[in-house]
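Shown next, in structure tokens, is the structure this report addresses.
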Amino acid sequence: MNTLLNQPLCVVNAGLNSFAENLKTAGGDVVALSWQPPALGNIDAGLELAQLMRHPRVEEANKVAFERYLSAQPVLMDVLSAREAIPAMNKRKLILHSGPPIAWCDMCGPVKGAIIGAVMYEGWATGHQNAEQLIEAGEIALEPCHHHHAVGPMAGIISPSMPLWVIENKTNGRLAFSNFNEGLGKVLRFGANSDDVLERLRWMAKELAPALKAAIQQLGELELKPLMAQALHMGDEVHNRNAAATGLLIKRLVPALLECPLPLDQIQRCVAFITGNDHFFLNLSMAACKAMMDAASGVPHSSMVTVMARNGVNFGIRLSGTGDRWYQAPANPVEGLFFPGYGVEDAAADLGDSAITETAGVGGFAMASSPAIVKFVGGTPADASNNSRKMQQITLGGNPAFTLPALNFAPTAAGIDARKVTDRAILPIINTGIAHKQAGVGQIGAGITTAPMSCFVDALQALAQEIAL
């Protein structure tokens, strides 16, 4: 048995069946053994997984990718319109959405509604029907945010006139982007596209964005990792709970705003908007995590996961070692708490780019720091801590920049290793909001979900094939 324990699980799983049959306590009772085959029982994938475990090229590549992730230093440096920040926005009518690529005809209700709203916001169409005609005619391009170093929550919509947070990784000079958080209620990210939703977006571009840009110029670059780390010690996990992080951001932005030569009534409106939204920091958290994960991307042979994202239909991942390729499967259901009057039958499939936070080791991976989150997503504080511990089994290491007080200040588990996920049959935990399947209804709950196992199996098979070449 000692010999078996020194082997990857995929090597010993075949012997575990007979071991389980003969495993007994001193009193003769059979001991229950929780076990399932690696790689979904796919024999070819299991053999390829066995070849990748402890493979010297994979091990070395993972060291490089993980170190690049750890050394990333995301800073908030500017606010720009999407057409200023993303070159492709200047070449064609382009709208970005969350998750992996998906055709218009296959999109879920909230994403379709949000895209229609963005088309009208840009003035490209006069109404819903006209907007749909333009999209179906191919006159408006639809692409994932991740294809342009950007992220967006829920529907994730970015169109040329929308303001973006600009995050620079000071380690390598690369940029990452996210849109602004609209607040709660009827918002574009849940597919709402009424006149008041579009008017709020116009105000954000016309008044909020210039004020925040001026404040950043006054403040100077703002390092985001220390702010996120402090928020983890104050009860956030910087995905579904951002109350502390938003408060810390306000402490820096408001004094800078007051120093700006802006009309007082404009400053008052901007401060009221920011302070009225505990999720205001979420989009910054996502962009910071995107910058960290982009730093780890593109390392040949690495099995480290650099993207997890959902489009309301499919869940997709990317590996550092296979570049920009997506590996997709239908999104798993969300297990959680629904607002009064709603249930599972009302819910869209898991949606949004916000799983980039879990990819970077916070969010669901840092739930031990946020016991109050269980009031929102379900479970108990013990479940939250157990989830953080469990993620240590599928990661390359810990991030000492992000520590968990409830676990004796242990670093958050980080650097998801697709080999360990597939070998140990432990899926990455994600805490998430639940959107109504119809456009514009909004958020109807929150809960816990996981990435589909088949994404990791497919990704590892592709990695094995590349290494074999």
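- In this structure, the separation between CD1 on Ile158 and CG on Asn179 is 5.0 Å, given to the nearest 0.5 Å.
- A distance of 4.5 Å separates CZ of Phe180 from CH2 of Trp165, quoted to the nearest 0.5 Å.
- Counted by atom type alone, Thr450 and Asn332 present one or more donor-acceptor pairs between their side chains at under 3.5 Å.
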(request) Go through the steps for Arg419 and Glu59 under the test salt bridge (Lys or Arg N to Asp or Glu O under 4.0 Å), then give the verdict. (result) CA-CA 11 Å; Arg419 298 176 304 173; Glu59 295 295 326; 2.8 Å; yes
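- Residues His149 and Asp294 bring a donor and an acceptor atom of their side chains to less than 3.5 Å of each other.
- Not one N or O on the side chain of Ser454 forms a donor-acceptor pair closer than 3.5 Å with the backbone of Ala329.
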(request) Let me see the working for Gln230 and Leu248 under side chain to side chain contact (heavy atoms under 4.5 Å, CB included), right down to the final yes or no. (result) CA-CA 9 Å; Gln230 187 177 357; Leu248 293 170; 3.6 Å; yes
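- Residues Ser285 and Met228 are in side-chain contact: their nearest non-hydrogen atoms beyond the backbone lie under 4.5 Å apart.
- In this structure, the side chain of Lys420 does not engage the main chain of Ala425 through any donor-acceptor pair within 3.5 Å.
- In this structure a side-chain-to-backbone donor-acceptor pair under 3.5 Å is missing from Glu237 to Ser369.
- Ile167 places a side-chain heavy atom less than 4.5 Å from the side chain of Leu284.
- Val305 is listed as a side-chain neighbour of Leu319, based on a closest heavy-atom distance under 4.5 Å.
- If you take CG on Asn193 and CD1 on Ile115, they are separated by 11.5 Å, rounding to the nearest 0.5 Å.
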(request) Kindly determine whether Phe456 and Leu460 satisfy side chain to side chain contact (heavy atoms under 4.5 Å, CB included), including the steps that lead there. (result) CA-CA 6 Å; Phe456 299 92; Leu460 281 182; 5.6 Å; no
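- Within 6.0 Å of NZ on Lys213 lie more than 12 heavy atoms contributed by other residues, nucleotides or ligands.
- Note that CG of Leu463 is 9.5 Å distant from CZ of Arg325, once rounded to the nearest 0.5 Å.
- Counting heavy atoms from C-beta outward, Trp104 and Glu132 have side chains that approach closer than 4.5 Å.
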(request) Would you sort out whether Glu168 and Lys170 count as a salt bridge (Lys or Arg N to Asp or Glu O under 4.0 Å), showing the intermediate values? (result) CA-CA 6 Å; Glu168 180 183 0; Lys170 302 302 285 187; 3.4 Å; yes
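- Salt-bridge annotation for Glu143 and Arg92: present, with a side-chain N of the basic residue lying under 4.0 Å from a carboxylate O of the acidic one.
- Side-chain atoms of Asn242 come within 3.5 Å of backbone atoms of His239 as a donor-acceptor pair (strictly under, hydrogens ignored).
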(request) Apply the test side chain to side chain contact (heavy atoms under 4.5 Å, CB included) to residues Val111 and Leu351: give CA-CA distance (whole Å), side-chain angles for both, the deciding distance (0.1 Å), then the verdict. (result) CA-CA 9 Å; Val111 175; Leu351 176 63; 3.6 Å; yes
(request) Dump the intermediate steps for side chain to side chain contact (heavy atoms under 4.5 Å, CB included) on Ser354 and Arg310, then the final yes or no. (result) CA-CA 9 Å; Ser354 57; Arg310 314 88 92 203; 3.5 Å; yes
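- The side-chain heavy atoms of Met292 and Lys225, taken from C-beta on, include a pair separated by under 4.5 Å.
- Other residues, nucleotides and ligands contribute only 12 or fewer heavy atoms inside 6.0 Å of the CD atom of Glu223.
- Checked by atom type and distance alone, the side chain of Thr449 never pairs as donor or acceptor with a backbone atom of Ile430 at under 3.5 Å.
- Counting only N and O atoms by type, the side chains of Asp350 and Thr432 include a donor and acceptor under 3.5 Å apart.
- To the nearest 0.5 angstrom, Arg68 atom CZ is 9.5 Å from Ser302 atom OG.
- Looking only at distances, no side-chain donor or acceptor of Asp417 sits under 3.5 Å from a matching main-chain atom of Thr395.
- To the nearest 0.5 angstrom, Tyr327 atom OH is 15.0 Å from Phe315 atom CZ.
- Considering only heavy atoms from C-beta on, Ser303 comes within 4.5 Å of Asn62 through its side chain.
- Contact of the Leu96 side chain with the Ile86 side chain is registered, since non-hydrogen atoms from C-beta on lie closer than 4.5 Å.
- Between the side chain of Gln461 and the main chain of Glu48, no donor-acceptor pair closer than 3.5 Å is present.
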(request) Apply side-chain hydrogen bond (donor to acceptor under 3.5 Å, both in side chains) to the pair Thr171 and Gln73, showing each step before the final yes or no. (result) CA-CA 6 Å; Thr171 305; Gln73 296 296 330; 5.4 Å; no
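- Taking the six-membered ring for Trp and thresholds of 30 and 60 degrees, His147 and Trp326 have ring planes inclined between 30 and 60 degrees apart.
- Counting heavy atoms from C-beta on, the side chains of Ser81 and Leu164 never come closer than 4.5 Å.
- A donor and an acceptor atom, one from each side chain of Asn386 and Asp383, are nowhere located under 3.5 Å apart.
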